[in-house]
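First the structure, in the form of structure tokens, and then the observations on it.
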Amino acid sequence: MSAIVDYEFYSTVYCGKEADETSFPALCARATDVVEALTHYAVTEENINTFVPLIQKLYKKAICAQIDFFAVNGLDAIAGGTERGFTVGKVSMSGKSGSEIIHKGSMAEFIAPMVSQYLEQTGLLSPQVQTARDMPLGWW
């Protein structure tokens, strides 16, 4: 389970009602994966406390919003609704290929709208990825 968001934060600060304590760990782990990917892994369990309290709270709320999304739609929502095409022998069915699904943004339908709402206020959605040159000396 993510140390960034715990059930107490989810239920008392975010006021989440969709996930119970039993399902919370799995939902939280997958939701954290989504939010980490969206923010290019800028926030980790180790560095979250270096961000100002408002950014920490918004980041945690983004994870909670994704937890609710998965609680309502199921953890297999991504696998089940992609409408991929396929070919068997000479028969071909149209649909989206895996690369089209990812590169053309249709994965957005599997992300809770409130996730973007919370993260937009943090500056963490920047597409700029930190490189070794940008890191402090001794990073290796």
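- The stretch residues 19-36 participates, sequence neighbours left out, in these salt bridge (charged side-chain N to carboxylate O under 4.0 Å, His left out) pairs: R30-D33.
- By the criterion of side-chain heavy atoms lying less than 4.5 angstrom apart, applied directly or through intervening Ile, Leu, Val, Met, Phe, Trp or Tyr residues, V115 is not grouped with Y41; the two fall into different hydrophobic clusters.
- Heavy-atom minimum distance, F51 versus N47: CD1-O, 3.5 Å.
- The hydrophobic cluster containing F24 does not contain V72, counting ILVMFWY residues as joined when their side-chain heavy atoms lie under 4.5 angstrom apart, directly or transitively.
- The main-chain N or O of I4 is never found under 3.5 Å from a side-chain atom of Q56 such that the two would form a donor-acceptor pair.
- Here the CD-OG distance, from Q121 to S116, works out to 11.0 Å after rounding to the nearest 0.5 Å.
- Across V34 and I111, no two heavy atoms sit closer than the pair CG1-CG1, 4.1 Å.
- The two atoms that bring H40 and L125 nearest to each other are NE2-O, 4.5 Å, heavy atoms only.
- Annotation: the span from L27 atom CG to T22 atom OG1 amounts to 10.5 Å, rounded to 0.5 Å.
- Closest approach of A112 to Q66, counting heavy atoms only: N-OE1, 3.0 Å.
- Both tests do not hold together for K61 against Y14: distance to the six-membered ring centre under 6.0 Å, angle to the ring axis within 45°.
- Residues V35 and Y118 have side chains not in contact (no heavy-atom distance under 4.5 Å, counting atoms from C-beta outward).
- Aromatic ring pairs are classed by plane angle as parallel below 30°, tilted from 30° to 60° and perpendicular above 60°; the pair Y10 and Y7 is tilted.
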side-chain contact (heavy atoms from CB on, under 4.5 Å) assessment of L124 paired with I55:
CA-CA 9 Å; L124 293 170; I55 302 297; 4.2 Å; yes
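- E46 CD to T44 OG1: the interatomic distance, rounded to the nearest 0.5 Å, is 4.5 Å.
- Here the shortest heavy-atom pairing between A19 and D68 reads N-OD1, 4.4 Å.
- Contact check for L58 versus L119: no side-chain heavy atoms found under the 4.5 Å cut-off.
- Taking all atoms of both residues into account, the shortest heavy-atom contact from V5 to C28 is O-SG, 3.8 Å.
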